[in-house]
Amino acid sequence: MSEAQRRGVVPGVPLRRSGLRFIKRRRAVLARLAGWSLVESAQTFLFGFALAHALDDGFLRGGPVVGIVWLAAAALCVGAGAYGTARVYGAVADLVEPLRDTLVRKVVSRGLYAPDGAAVSRLTHQVEIARDTFAGLVLVSRSFVFVTAGALIGLCSLAPVLLLLVLPPLVLGLALFAGALRPMARRQETFLAADEAIAEETGTAVGGLRDITAAGAERTVAAAAGERFDAELRASRALARWSVCRVLALGISGRLPIVLLLVAAPWLLGRGVTPGALVGALAYLTQSLLPALQSLMHGLGTAGTRLGVVLRRLTAEPVTGAADARPRRTPRDGHAVELTGVTFAYGPHADPVVRGLDLTVPAGGHLAVVGPSGIGKSTLAGLVAGMLEPGSGEVCRPATADRVLVPQEAYVFSGTVRENLLYLCPDGEVADEDVLAAAGEVGASALLARLGGPDATLVPSELSAGERQLIALVRAYLAPAPLVVLDEATCHLDPAAEARAERAFAARPGGSLIVVAHRISSALRAERVLVMDGTHVRTGRHAELLRRSALYRELTGGWWKHGKPPAVPALQPALPARDADGVDAVAGSRLAGDGGHVVAHGPGRQMQDAGDLGDRGTLGGQ
């Protein structure tokens with residue numbers, strides 16, 4: 001098993017590909033950033049140009065007024081550049097904050113499906129490192145491009161021959177730096193890994209000092225820690241050797257042109273280059289080009305490599321099941337989910353909530369789970385969705401990306417309606433007509449219209465519980481996952497809205513649906529029904545269960561065909577008393593406000609399926 005797999009991650013989408021996709025989606029922001037950077041860099045060109053003309057046309061010719069005017073023009077350009085810089089920071093924020101949000105979503109998703117001790121560090125520390133470093137690199141990179149362009153254009157405008165002394169060493173130094181960048185990144189990553197290994201080793205040792213002393217393992221632990229420190233020392237030395245290339249590249253590209261310009265000054269003056277042009281060229285090299293090169297090489301050589309390492313770790317995909325190192329099996333073809341001999345209890349000494357459960361849901365199937373409140377329906381939903389692992393038995397479920405669980409308490413976050421609805425879509429690119437069509441299928445069209453459409457800002461506190469559930473249902477409907485588990489996800493909707501949403505998911509092309517029923521009417525719409533009664537279950541169709549399950553008759557006792565109550569409320573037993581199974585049916589109340597909710601009329605342990613009885617003896621005997 002590789003180190004990445006041991007840590008519970010595997011490489012995700014390559015950084016280069018995901019980075020290009022991130023940039024392409026923000027072309028407008030990049031255009032705005034380039035525009036303000038151009039305004040900012042105008043001072044680079046005009047500074048050296050104005051200085052040269054202030055000398056040649058002003059002070060050296062005895063015209064101080066002309067010289068002062070040129071210097072005043074340069075000062076005004078500095079003010080314009082400062083204005084451009086202020087606007088640049090706003091554009092950088094529009095580029096950096098979406099990256100931070102994307103990384104936070106990645107970290108949270110990974111923490112849910114492959115939790116480990118580093119999740120908090122990733123969310124609170126590494127994400128901020130990536131955010132700040134990315135912002136710095138954007139500022140440094142675009143500054144280098146525009147400053148270098150302004151300086152080279154300025155040199156050419158003063159005297160084209162100056163480029164012969166500047167361009168060759170500049171290109172050579174940048175080529176040397178680019179060639180050393182990848183080896184430096186690898187050494188930087190090795191150094192960071194060694195540093196993390198030291199933290200892990202020493203943290204474990206400090207936490208177990210008593211045990212180490214009691215077992216006499218001081219030397220063994222010290223030797224292991226010493227190996228970690230030696231590895232970090234080797235990594236730091238290798239990184240330092242490659243850092244020499246960065247210093248050499250900076251000397252060639254930034255400082256060698258200054259030396260060449262000074263050495264060749266007599267030759268240049270003899271070929272028509274004015275003293276002002278020489279002074280302007282020195283200003284370009286020392287005040288613009290050299291600082292830009294220093295910032296670029298320091299940023300890319302140190303912060304850039306660190307950013308690459310952090311991004312690879314933050315965007316790595318979790319290995320499902322890495323936490324317990326158990327292989328995950330997917331269902332057989334034609335099946336959405338399979339449970340074999342599944343037993344689950346909340347603790348080693350607790351009574352099992354589910355015991356020896358065998359269940360198969362076919363692909364494209366529609367299953368309703370009913371039973372008294374607190375009997376374990378949500379536990380079963382958690383097992384199917386992968387939020388819980390069985391104590392024994394096996395759950396064959398699809399991959400994480402192929403299943404969606406919608407809980408009773410719907411989660412809605414601050415942002416746009418579109419961001420909330422497309423949260424489970426991998427690329428987040430869904431046409432507006434598809435979003436509106438999904439909302440129409442689920443029954444949320446009126447809500448979207450009231451909110452102002454997909455691009456409207458959504459404030460969670462302004463939504464009712466039912467409206468939040470509609471948002472979560474549309475989100476699940478738009479997700480590419482074929483298996484959807486609704487764990488009382490419509491409990492705050494009225495019966496008509498609930499029926500519409502469930503029918504939409506049941507008719508979803510290629511989809512499978514499991515509904516933990518809040519109202520017994522959900523069972524009437526399902527192809528199959530699973531009745532939970534403590535650790536006992538029974539599955540079948542609605543009509544079949546009415547004959548075979550006393551508990552199901554009790555749960556459906558207050559309901560008539562299609563879940564519609566009679567016109568006049570009346571006390572009416574569900575079935576004739578003393579039915580064929582020898583169990584008295586419980587009368588439905590038909591009281592005002594009765595929604596037919598699946599609620600126990602007594603403790604779950606006192607209920608027993610007639611089919612479970614070994615004889616016609618008293619209930620409760622097995």
Side-chain angles (χ1 to χ4, degrees), residues 112-113 115 320-321 323-324 326 328-329 331 336-361 365 367-398 403-409 483-491 512-520 522-523 526 528-540 545 548-552 554-555 597-613 619-622:
L112 289 175
Y113 295 110
T320 305
D324 58 7
R326 290 188 294 183
R328 180 183 58 81
R329 287 185 53 194
V337 65
E338 296 177 273
L339 285 74
T340 305
V342 170
T343 297
F344 178 85
Y346 288 99
H349 304 295
D351 291 336
V353 181
V354 177
R355 175 180 291 164
L357 175 61
D358 296 322
L359 175 66
T360 299
V361 179
L367 174 72
V369 181
V370 302
S373 178
I375 206 67
K377 302 188 296 296
S378 293
T379 299
L380 177 59
L383 290 167
V384 170
M387 305 301 292
L388 301 173
E389 290 295 336
S392 63
E394 185 176 44
V395 180
C396 297
R397 62 178 78 90
R403 60 182 189 263
V404 174
L405 170 66
V406 185
Q408 179 177 353
E409 296 300 326
L483 175 62
V484 175
V485 181
L486 303 181
D487 184 8
E488 298 195 17
T490 57
C491 62
S512 306
L513 177 62
I514 298 177
V515 179
V516 173
H518 175 68
R519 300 179 179 93
I520 199 65
S522 296
R528 297 173 64 213
V529 182
L530 184 145
V531 184
M532 298 188 69
D533 179 9
T535 56
H536 303 286
V537 299
R538 185 179 290 278
T539 61
L545 290 173
R548 297 174 54 198
S549 172
L551 174 59
Y552 190 69
E554 180 181 355
L555 295 173
H597 300 158
V598 182
V599 180
H601 295 280
R605 294 291 181 185
Q606 297 178 5
M607 299 179 186
Q608 187 163 352
D609 196 326
D612 292 334
L613 297 179
L619 288 175
Q622 289 290 347

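Small disclaimer: the values here were computed from a predicted structure and weren't measured. Note that these values count all heavy atoms, side chains included, but never hydrogens, waters or copies made by symmetry.
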**Report entry** Of Leu530, Leu551, Val529, the residue whose pairing with Leu545 passes side-chain contact (heavy atoms from CB on, under 4.5 Å)
**Finding:** Val529
Query raised in the report: Quick one: are Leu555 and Ser549 in side-chain contact, heavy atoms under 4.5 Å?
Result: no
Report summary line: Tightest non-hydrogen contact, residues Ala345 and Pro352, listed as CB-CA, 3.7 Å
Query - Side-chain donor or acceptor of Arg403 paired with backbone N/O of Ala385 under 3.5 Å - result: yes
**Report entry** Side chain proximity check, Val516 to Gln408, heavy atoms < 4.5 angstrom
**Finding:** no
Query raised in the report: Within the distance-only criterion (no hydrogens, no angle test), does the side chain of Asp358 pair as donor or acceptor with the backbone N or O of Gly341 below 3.5 angstrom?
Result: yes
Query raised in the report: Hey, are the side chains of Leu380 and Val537 touching, using non-hydrogen atoms and a 4.5 Å cut-off?
Result: no
Query raised in the report: What's the shortest heavy-atom distance between Ala523 and Ala368, and which atoms?
Result: CA-CB, 3.9 Å
**Report entry** Inter-residue atom distance Cys491.SG - Glu409.CD, 0.5 Å rounding
**Finding:** 6.5 Å
Query raised in the report: Does some side-chain heavy atom of Leu367 sit less than 4.5 Å from a side-chain heavy atom of Leu359?
Result: yes
Requested in this report: Look at the side chain of Thr343 and the backbone N and O of Gly356, then say whether any donor-acceptor pair between them is shorter than 3.5 Å.
Outcome: yes
Query - Inter-residue atom distance Arg538.CZ - Asp533.CG, 0.5 Å rounding - result: 10.0 Å
Query raised in the report: Nearest heavy-atom pair of Glu389 and Leu383: which atoms, and what distance?
Result: C-CD2, 3.9 Å
Query raised in the report: Given the rule in the side chain to side chain contact (heavy atoms under 4.5 Å, CB included) test, do Val485 and Val337 qualify, once you have shown the distances and angles that lead to the verdict?
Result: CA-CA 11 Å; Val485 181; Val337 65; over 6 Å; no
Query raised in the report: Nearest heavy-atom pair of Val370 and Ile520: which atoms, and what distance?
Result: CG1-CD1, 3.9 Å
Report task. Quick one: do Asp487 and Val369 satisfy side chain to side chain contact (heavy atoms under 4.5 Å, CB included)? Show the steps, please. Result -> CA-CA 9 Å; Asp487 184 8; Val369 181; over 6 Å; no
**Report entry** Closest non-hydrogen atom pair between Met387 and Leu405, with its separation
**Finding:** CG-CD2, 3.9 Å
Query raised in the report: Quick one: does Leu357's side chain get under 4.5 Å of Phe344's, heavy atoms only?
Result: no
**Report entry** For the student: nearest non-hydrogen atoms of Lys377 and Ala517, plus distance
**Finding:** CE-O, 4.1 Å
